[in-house]
Student: 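Would you mind keeping the following structure in view while I ask a few things?
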Amino acid sequence: MAKLLLLLCSVSVALRLANTADGCKNSSSYKEISLINQPFAFNCTYPPLTSEAVCRTWYKYPNKIPISKSIQSRIHQDQSWISFLSLLMEDSGIYQCVLKDANVCHRILINLTVFNISLCDVSRKSQLNVSYEYKQILHVGKDDSLTCHLNFPSSWILDSVKWFKDCKEIRENRFTSLRKKLLVNDVVTDDRGNYACQASLKHAGKNYTVLKSITVTTKKVDPGGRIPKIIYPKNNSIEVKPGSTLIVDCNITDVKGNTNSRSWRVNGTLVDDYYTESKRIQEGIESYVYFEDHNFYTVNITFLEVKMEDYGQIFMCHAGVSAAYIMLDLPAPDFRVNLIVGLLILTGMVVSVVCVYTIFKIDIVLWYRSAFLSTGVIEDGKLYDAYVLYPKTQRESHHQDVATLVLKILPEVLERQCGYKLFIFGRDEFPGQAVANVIDENIKLCRRLIIILPKSLSFALLKNMSEEQIAVYNALVQDGMKVILIEMEEIKDYTVMPESIQYIKQKHGALLWSGDFTEKTQCAKTKFWKRVRYRMPPKSYPPSSPVQLLKHLPCDLTAG
Ligand SMILES: *[C@@H]1O[C@H](CO)[C@@H](O)[C@H](O)[C@H]1NC(C)=O
Ligand SMILES: *[C@@H]1O[C@H](CO)[C@@H](O)[C@H](O)[C@H]1NC(C)=O
Ligand SMILES: *[C@@H]1O[C@H](CO)[C@@H](O)[C@H](O)[C@H]1NC(C)=O
Ligand SMILES: *[C@@H]1O[C@H](CO)[C@@H](O)[C@H](O)[C@H]1NC(C)=O
Ligand SMILES: *[C@@H]1O[C@H](CO)[C@@H](O)[C@H](O)[C@H]1NC(C)=O
Ligand SMILES: *[C@@H]1O[C@H](CO)[C@@H](O)[C@H](O)[C@H]1NC(C)=O
Ligand SMILES: *[C@@H]1O[C@H](CO)[C@@H](O)[C@H](O)[C@H]1NC(C)=O
Ligand SMILES: *[C@@H]1O[C@H](CO)[C@@H](O)[C@H](O)[C@H]1NC(C)=O
Ligand SMILES: *[C@@H]1O[C@H](CO)[C@@H](O)[C@H](O)[C@H]1NC(C)=O
Ligand SMILES: *[C@@H]1O[C@H](CO)[C@@H](O)[C@H](O)[C@H]1NC(C)=O
């Protein structure tokens, strides 16, 4: 059979020689670089052609005479291979292998370049384009290996391989030479560098040496890179409102070609099994992205409706041996909303307190006095609580009212019911005293000044109030004594009044008398009297004496 093939080949070669237009396709071309004085071989393969009945013939371009088939020749064809026993500089050039079966013809081209350099001569080596060198990678922290690329036909027998690093032979225990390979235990970063393998080969009873250079780089592998890494979740909790829908991704990176499974579980059970009835919580379909050195997976969990029972439950994402979970939390009430509500409530409270106080100020003050002040005498050297100043009666009808108020009602309410002590001119002075002296001496002993302004008072007051009186209360106003102005009737035009009265009105305001002048008992609890009492010196009311309380009983009932 082989002989027949050989014969066929010879025939076709002969035909081709005769017929130069061979009609072959240039199917592939290679670039090969090798060192001088060492063997070199190249296999002619063209994978689509597998049939045994393929005739392969090597030529050196542009020679049309096939390469010798004698294995003794320095350059010869050995099966499908072209072999050089020892390269010379002039071997550089194009070699072509013509493959031919019954139907097609292919041509494979090699551009061989022979270099005359020493691998250990750094200055000359730099002339070489590094891309020619074999590049290999060692992975740091692992056991790895380098391979000496020895491509020779089976007639070449590998004897031994020596390894060099940076031109020194490797002798460390970590390195083991095994056939074409160099095994490296526990690779470290410093293992990178320029390596060379020197192989001794036997061919037809002769010894040959091949030297190949390998540039080695080291690469750090992700520590624990074989354990899937869960990027999210991170054993965190998620705030979510009950009743809402929630979707959470589990993002994982894992090494290429891993066989890990990824899933969401609750209490150790797949969520799809745990919620098999309701399907309220479901695991999504895994999606992935392939990167150069790892795969990225996403598998989500969907809560169609978050329920109270989910809070505090652990939802675990598993990826191989790795796991990480999420827990659901009720949303914390919003701090800002709380703050605003709090401020609003506070403002509301302040406003209502202020309102209540302004409306009920008088009642509050009076209540306070009755609750907390003693009925005892105020120790300020004064004898009376108020001096009552009023125009002297002329026996006219409305002056009758003034007399009733001053001599009957005021003492009844303020003295009897409230326990104040009044100085009323025309009642309390000693007979025969000079008017000016009475006023001068007694007014100093009073804490308040009550001025009664009768109807159509202007002339009456001007006529009947003595100059002294006016002077006195002028002085008192300057002393800062508090003045209670009581109008018997509303006075619209104060401009006709003496300036001092105008001043008092402006500073202290005036109280408008309300009530009648019948003999019926006036009550200290009416609005008007409360306002008067509010302006009077602080004094407990009602006095704590039970006799007094009893006395006031009918009054309390009517006023209540
Ligand atoms: C095939 O390669 C040879 C050698 O390089 C060249 O002379 C020839 O023109 C090429 N043929 C085609 C069809 O490209
Ligand atoms: C060399 O090429 C032949 C033919 O294509 C093939 O059968 C053989 O396996 C190749 N040898 C090697 C070492 O690649
Ligand atoms: C062969 O390779 C050499 C250098 O690598 C280059 O100068 C030459 O042009 C190449 N020849 C062909 C035909 O590609
Ligand atoms: C190869 O280079 C060496 C020196 O580097 C030189 O002595 C020798 O003659 C060269 N060989 C050829 C064939 O050029
Ligand atoms: C090295 O070879 C590559 C292609 O293989 C080329 O692009 C580059 O220019 C070459 N460098 C030198 C310095 O020759
Ligand atoms: C070839 O090498 C072997 C050892 O590997 C040695 O015994 C033998 O003598 C060598 N042959 C020649 C011709 O150098
Ligand atoms: C998970 O990965 C997806 C896809 O890259 C991304 O859209 C999503 O934001 C990631 N989720 C988290 C929680 O990191
Ligand atoms: C979780 O599983 C354990 C048994 O594996 C079971 O006793 C327990 O009741 C389960 N808890 C819930 C909340 O289902
Ligand atoms: C969850 O996964 C499903 C696939 O199972 C996908 O259709 C859906 O878009 C994912 N949701 C989110 C928010 O990524
Ligand atoms: C998260 O919890 C799981 C299970 O309890 C644990 O294995 C993992 O180490 C935790 N991961 C982190 C980042 O704490």
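Start at 1 and go down the list; that is how both ligands and their atoms are numbered.
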Student: Do Ser155 and Asp78 have side-chain atoms, one donor and one acceptor, less than 3.5 Å apart?
Tutor: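 Judged by distance alone, the side chains do pair up.
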Student: Look at ligand 2 and say whether Arg56 reaches it with a heavy atom at a distance under 4.0 Å.
Tutor: yes
Student: Could you list the atoms of ligand 2 found under 4.0 angstrom from a heavy atom of Ser80?
Tutor: 1 (C), 2 (O), 3 (C), 4 (C)
Student: With Tyr95, which of Phe42, Phe84, Tyr30 fulfils ring pair (Phe, Tyr, Trp, His ring centres under 6.0 Å)?
Tutor: Phe84
Student: Is it the case that the ring center of Tyr59 lies less than 6.0 angstrom away from the ring center of Tyr61?
Tutor: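 No, too far apart.
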Student: Looking at Trp81, which atoms of ligand 2 are within less than 4.0 Å of one of its heavy atoms?
Tutor: 11 (N), 12 (C), 13 (C)
Student: For ligand 2, which part of Cys44 has a heavy atom less than 4.0 Å away: the side chain, the backbone, both, or neither?
Tutor: backbone
Student: Partners of Asp143 by side-chain contact (heavy atoms from CB on, under 4.5 Å), sequence neighbours excluded?
Tutor: Asn185, Asp186
Student: Which pairs of N or O atoms, one from ligand 10 and one from the protein, are separated by less than 3.5 Å, and what is the distance for each pair?
Tutor:
{"unit_1": "ligand 10", "atom_1": "2 (O)", "unit_2": "Asn235", "atom_2": "OD1", "d": "3.1"}
{"unit_1": "ligand 10", "atom_1": "2 (O)", "unit_2": "Asn235", "atom_2": "ND2", "d": "2.5"}
{"unit_1": "ligand 10", "atom_1": "11 (N)", "unit_2": "Asn235", "atom_2": "ND2", "d": "2.8"}
{"unit_1": "ligand 10", "atom_1": "14 (O)", "unit_2": "Asn235", "atom_2": "ND2", "d": "3.0"}

Student: Quick one: do Lys165 and Glu172 satisfy salt bridge (Lys or Arg N to Asp or Glu O under 4.0 Å)? Show the steps, please.
Tutor: CA-CA 11 Å; Lys165 188 190 175 196; Glu172 244 185 283; over 6 Å; no
Student: Please report the shortest heavy-atom distance between Ile214 and Thr147, naming the atom on each side.
Tutor: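 Shortest heavy-atom contact: CD1-O, 3.5 Å.
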Student: Can you name the one residue among Leu182, Val216, Thr189, Thr217 that meets side-chain contact (heavy atoms from CB on, under 4.5 Å) with Leu138?
Tutor: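 Exactly one pass, corresponding to Val216.
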Student: Can a donor-acceptor pair be found between the side chains of Tyr297 and Asn260 at a distance below 3.5 Å?
Tutor: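 Looking only at side-chain atoms, Asn260 and Tyr297 do not form any donor-acceptor pair under 3.5 Å.
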Student: Please identify which atoms of ligand 4 are closer than 4.0 Å to at least one heavy atom of Ile36.
Tutor: 13 (C)
